[in-house]
Number of protein chains: 2
Amino acid sequence: MSDALSLVFGALADPTRRGILARLAEGPAPVTELGRPFDMTAQAISKHLKVLERAGLVTRGRQGQWRPCRLEVEPLDRATGWIEQHRAVWADSLDRLEQEIVRIQEGRHHDQD
Amino acid sequence: MSDALSLVFGALADPTRRGILARLAEGPAPVTELGRPFDMTAQAISKHLKVLERAGLVTRGRQGQWRPCRLEVEPLDRATGWIEQHRAVWADSLDRLEQEIVRIQEGRHHDQD
DNA sequence: GCGATAATCAACCTATCGGTTTATCAACTA
DNA sequence: TAGTTGATAAACCGATAGGTTGATTATCGC
């Protein structure tokens, strides 16, 4: 699970980390502030930040005794890029038709879409 | 890690599963065909499919002895939705300016908050 | 200097992940 | 009917994830 895209998606696969990113989307913040909303130790938050950093989603500076964390948006673009790329193929009308045919062949009655 | 969004991102955090989804984007396929490109047992593929199914990314039908898998796009929309929502805030020009200021302050080793 | 605060490091624990092997079930085919 | 193929179930295994406690480092305020 060491490729770049897996690291990004893996980092997003945790509500605490998504909460941290949501906070960072509004601007940089030190670690203690990032951890405040969560019922866990500062060490746990530090670990989550390391995961986010390894995925390239945050970078950390140094400002006195604080380590301000900053959101990096490029990995998020690559993530949405991957999804959209395949979603686009799927959404193609010809493929939709194909899907519908298979659905009918299966004898399943999905009235959705 | 049991909330819906975490399940989706977690499912995407594996190259084998992304490969399976990429194939499914072109249309439904039975399990053996999905597993063909990968150097692992059918049981492992079956497990990956179970992960994808639990995340709502694929649904499985029954067609004789085959179990055709089909891509479900709605969870992908929720995933990109979450990312875009926060990316949008970050990309706001005012925030960008803020980030730039912090970056400059760090570079000059200021001790001001 | 000292104590308090910000943050990390290290060790540990439990649960889950990603794969295997073995066995089982279901459906096609001859 | 038997034999083959598609697919899953169950038990197992090493590695990692996500959290804890305890100790350590660095910087601030006084």
Side-chain angles (χ1 to χ4, degrees), chain A residues 1-3 5-21 23-24 28-55 57-70 102 105-107, chain B residues 1-3 5-21 23-24 28-55 57-70 102 105-106 109-113:
Chain A
M1 212 256 264
S2 56
D3 70 283
L5 211 44
S6 296
L7 288 176
V8 174
F9 282 126
L12 292 173
D14 182 280
T16 303
R17 287 195 291 266
R18 286 199 305 277
I20 290 174
L21 291 177
R23 167 60 189 83
L24 285 178
V31 177
T32 37
E33 185 185 330
L34 292 175
R36 196 161 300 140
F38 305 102
D39 185 27
M40 68 183 67
T41 63
Q43 292 92 322
I45 300 294
S46 197
K47 279 193 178 184
H48 281 303
L49 285 171
K50 197 142 74 175
V51 172
L52 291 169
E53 198 175 17
R54 200 159 108 84
L57 285 165
V58 313
T59 52
R60 288 194 258 190
R62 162 81 68 161
Q63 203 170 6
Q65 72 195 119
W66 292 277
R67 303 289 178 78
C69 299
R70 187 175 54 225
V102 170
Q105 284 177 341
E106 285 172 24
Chain B
M1 211 258 261
S2 57
D3 70 282
L5 211 44
S6 297
L7 288 176
V8 174
F9 282 127
L12 292 173
D14 182 280
T16 303
R17 287 194 292 265
R18 286 198 305 278
I20 290 173
L21 291 178
R23 167 60 190 82
L24 285 179
V31 178
T32 36
E33 185 184 330
L34 292 175
R36 195 161 300 138
F38 306 102
D39 185 25
M40 68 182 67
T41 63
Q43 293 90 325
I45 300 294
S46 197
K47 279 193 178 185
H48 281 303
L49 284 172
K50 196 144 75 176
V51 173
L52 292 169
E53 199 174 18
R54 199 159 108 84
L57 285 164
V58 312
T59 51
R60 288 194 258 191
R62 164 79 70 164
Q63 202 170 7
Q65 71 195 119
W66 292 277
R67 308 297 299 278
C69 300
R70 179 163 31 105
V102 171
Q105 283 180 341
E106 280 172 14
H109 193 268
H110 270 215
D111 46 348
Q112 181 225 355
D113 189 11

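Convention: sequence-line order gives letters A, B, ...; per-chain numbering from 1. Note that the coordinates shown come from a computational prediction; the quantities given were computed from them, not determined experimentally.
Rounded to the nearest 0.5 Å, atoms CD1 (A:I45) and OG1 (A:T32) are 10.5 Å apart. Put simply, CG on A:L49 and CG on A:L24 are 7.5 Å apart, with the number rounded to the nearest 0.5 Å.
In this structure the side chain of A:T59 never reaches within 4.5 angstrom of the side chain of A:C69, judged on heavy atoms. Within the 4.5 Å cutoff, side-chain heavy atoms of A:L21 are placed close to those of A:V58. Counting heavy atoms from C-beta outward, B:S6 and A:P15 have side chains that approach closer than 4.5 Å. Between A:F38 and A:I20 there is a side-chain heavy-atom pair separated by less than 4.5 Å.
As a whole-Å value, the separation of B:L49 CG from D:dA9 C1' is 15 Å. Straight-line distance from the CZ atom of A:R60 to the C1' atom of C:dC9: 12 Å, rounded to whole Å. If you measure from atom CZ of A:R36 to atom P of C:dT5, you get 13 Å, rounded to the nearest angstrom. For B:L34 and D:dG6, the CG to C1' distance is 12 Å, given to the nearest whole Å. In this structure, CG of B:L7 is placed 14 Å from C1' of C:dC17, rounded to the nearest angstrom. Rounded to an integer number of Å, the gap from CZ of B:R67 to C1' of D:dG6 is 10 Å. Distance, A:K50 NZ to D:dA17 P: 11 Å, rounded to whole Å. Rounded to whole Å, atom C1' of C:dT8 lies 12 Å from atom CD of A:E53.
Put simply, B:R17 has a side-chain N or O that comes within less than 4.0 Å of OP1 or OP2 on C:dG18. Taking side-chain N and O atoms only, A:S46 has a distance below 4.0 Å to OP1 or OP2 of C:dT8.
At a threshold of 4.0 angstrom between heavy atoms, the contacts of A:T41 include nucleobase atoms, whether or not backbone atoms are also involved.
Positionally, the nearest nucleotide of DNA chain D for B:V31 lies more toward the 5' end than for the other of A:T16 and B:V31.
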task = Treat primed atoms plus P, OP1 and OP2 as sugar-phosphate and everything else as base, then score nucleotides 23-30 of chain C 5' to 3': B for base contact with protein heavy atoms under 4.0 Å, S for sugar-phosphate contact only, - for none.
result = B--SBS--
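Of the residues listed (B:R60, B:R17, B:R70, B:R67), the one engaging B:E53 in a salt bridge (Lys or Arg N to Asp or Glu O under 4.0 Å) is B:R60, and it is the only one.
Among the nucleotides C:dA6, D:dA7, D:dT20, the one closest to any side-chain atom of A:M40 is D:dT20.
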